[in-house]
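This report refers to the structure that appears directly beneath it.
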Amino acid sequence: MPKTKLKIIPLGGLGEIGKNMMVLEYGDDIIVIDAGLMFPEEEMLGIDLVLPDISYLVEKKEKIRGIFITHGHEDHIGALRYLLSQLSAPVYSTKLTNGLIRVKLKEGKVLEGAQLHIIPPGGEVTVASFRVEFYPVCHSIPDAVGLIIHTPVGILVHSGDFKLDYTPVSGEPTDLSRLAQVGAQGVLLLLADSTYAEIPGYTPSEKVVGESLDRIMSEASGRVIVTTFSSLISRIQQVIDAAAKHERRVFIVGRSMTNTVRMALELGYLDAPDGILGRIDEIRGLPQDKIVLVTTGSQGEPTSALVRMANRDHRHVNIQRGDTIILSATPIPGNESLVNRTVDSLFKQGARVIYQKLAHVHVHGHASQEELKLLLTLVKPKFFVPIHGEYRHLSLHGKLAESIGVPKENIFLLEDGNVLELNAQAAKITGKVDSGHVYVDGLSVGDVDGVVLRNRRMLSKDGMVVVIIAVNRQTGKVVGRPDIVTRGFVDTREFQSMIDKSRDLLAKTLDHSGSRPAEWSFINTKVRDTLDKYYDEQTKRRPMILPFMVKV
Ligand SMILES: [Zn+2]
Ligand SMILES: [Zn+2]
């Protein structure tokens with residue numbers, strides 16, 4: 001029996017939705033599974049992207065033997081360009097995922113020199129102490145895989161994102177027979193997707209969406225505008241299929257959507273009859289009921305084509321009476337109010353808007369409870385770590401594992417940064433490494449304009465307040481009274497006493513956070529809320545508030 005233990009270290013995706021990243025470390029060998037980003041929440045004003053903290057990997061960069069990517073969604077590939085700008089390691093993925101990675105790396109100008117390898121679903125590769133097998137899974141993007149990882153201490157299964165759609169629109173169903181086989185061989189640890197662990201029963205098949213699209217297109221008398229994520233390639237296929245049936249032409253709008261569709265067509269993951277796809281400038285003169293537009297904006301992103309169309313700010317298309325708009329995605333948690341605002345504005349302009357609450361225009365790409373139980377039953381792991389989800393999802397998934405007979409003490413609810421060490425007999429949480437959020441402001445080329453404009457709008461109206469909060473390096477607690485610097489907000493001489501009062505108010509508010517170490521996201525929100533309210537009361541102005549933490 002080898003003495004060395006295997007370390008499992010999640011750097012993202014556990015305790016949150018997004019920025020998935022898992023580190024496996026055995027002796028001198030490290031492999032990384034997925035490198036995703038998270039979309040910022042609404043109040044992270046001016047923040048473009050949120051990435052995992054990779055300082056642990058940068059410290060050990062000469063030990064990294066490979067990066068394995070399960071599928072091409074942003075929350076699994078989006079941080080790769082930042083990761084590869086700081087360290088170099090071969091990247092292994094399936095063909096479509098590889099194509100999507102190339103698009104991203106090219107945008108980030110790190111494609112050159114990247115070592116990208118294609119492994120087909122069902123294929124395998126050995127790097128250092130790890131033999132990694134790619135097994136097909138069904139998800140909302142073709143060419144998605146889970147990983148069966150043979151290590152010196154035992155076999156691990158990493159589910160990736162998956163569901164058990166027996167009639168998938170593109171790609172293969174999840175390979176249950178292979179999972180049953182390794183289950184019979186004995187699996188030491190299962191890491192499985194928890195995103196929909198709250199939802200009872202089975203996730204409906206993607207086919208359901210095709211039926212809805214078909215019906216909506218046959219009923220619509222005007223243009224149909226479908227918004228979704230550019231990575232939901234199976235969804236785009238269904239839009240093309242429905243459009244073809246109703247003799248409508250399809251126009252892809254927006255840079256990321258166009259790039260993805262072109263790449264998927266070239267690689268053969270999208271299939272479009274000749275002449276159905278048109279260039280946006282060909283739209284003029286076509287009858288309204290012969291038009292389908294596909295674009296991004298399902299999340300109400302201020303810079304997306306849909307929002308610009310809704311604000312009459314788009315070069316080619318404005319929303320008009322008679323349009324039918326389909327939001328073929330559900331809001332990412334945190335985006336609800338943005339999405340609602342967009343829907344309201346579309347209704348106001350006389351469009352008909354169809355979203356998940358009104359018709360089956362979206363299905364989830366993740367397994368619900370009965371599917372999760374089936375996976376657990378087939379794999380029969382000795383140890384279980386739920387991944388991909390907020391704490392309640394992980395916790396509920398843990399309960400499901402218990403219900404099918406995994407002993408409670410063998411189920412580990414890890415959070416980002418936790419180190420789980422295991423060998424063939426035992427597993428234990430032994431420590432914590434740096435993890436957390438890294439914010440990217442304005443680096444993603446396509447969004448710079450929007451962010452800059454949004455900030456300028458705010459600054460020009462009500463100015464800016466910078467709050468400097470000192471935090472004790474050892475205890476993590478807030479020290480003293482925060483400092484406040486303002487620009488373009490109020491005359492500081494005249495309002496000195498108000499500024500002073502707001503410092504007292506902050507000191508008092510932050511003190512309430514009690515004896516536990518200050519959590520930055522909490523402080524951040526608290527500071528913004530407190531000052532926003534106070535200044536609004538005092539001055540009827542709402543300056544941009546920027547809290548900064550200084551470790552002392
Ligand atoms: Zn996914
Ligand atoms: Zn995901």
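Numbers here are sequence positions counted from 1. Whatever order the structure lists ligands and atoms in, that order sets their numbers, starting from 1.
The Zn ion (ligand 2) has an N, O or S atom of Asp75 under 2.8 Å away, backbone or side chain. Checking His71 against the Zn ion (ligand 1), an N/O/S atom falls under the 2.8 Å cut-off.
Of all the N, O or S atoms in Asp161, the one closest to the Zn ion (ligand 1) is OD2. Looking only at N/O/S atoms, His73 comes nearest to the Zn ion (ligand 1) through ND1. Distances from the Zn ion (ligand 2) to the N/O/S atoms of His76 are shortest for NE2.
Residue Lys163 forms a side-chain contact (heavy atoms from CB on, under 4.5 Å) with just one option from His366, His139, Glu371, and that option is Glu371. Among Asp75, Asp34, Asp161, the one residue that satisfies the side-chain hydrogen bond (donor to acceptor under 3.5 Å, both in side chains) test with Asn20 is Asp75. A side-chain contact (heavy atoms from CB on, under 4.5 Å) with Ile31 holds for exactly one of Phe68, Tyr92, Tyr26; it is Phe68.
Ring pair His71/His76 is tilted by interplanar angle, where 30° to 60° counts as tilted.
Residues His397 and Phe384 bring their aromatic ring centres within 6.0 Å.
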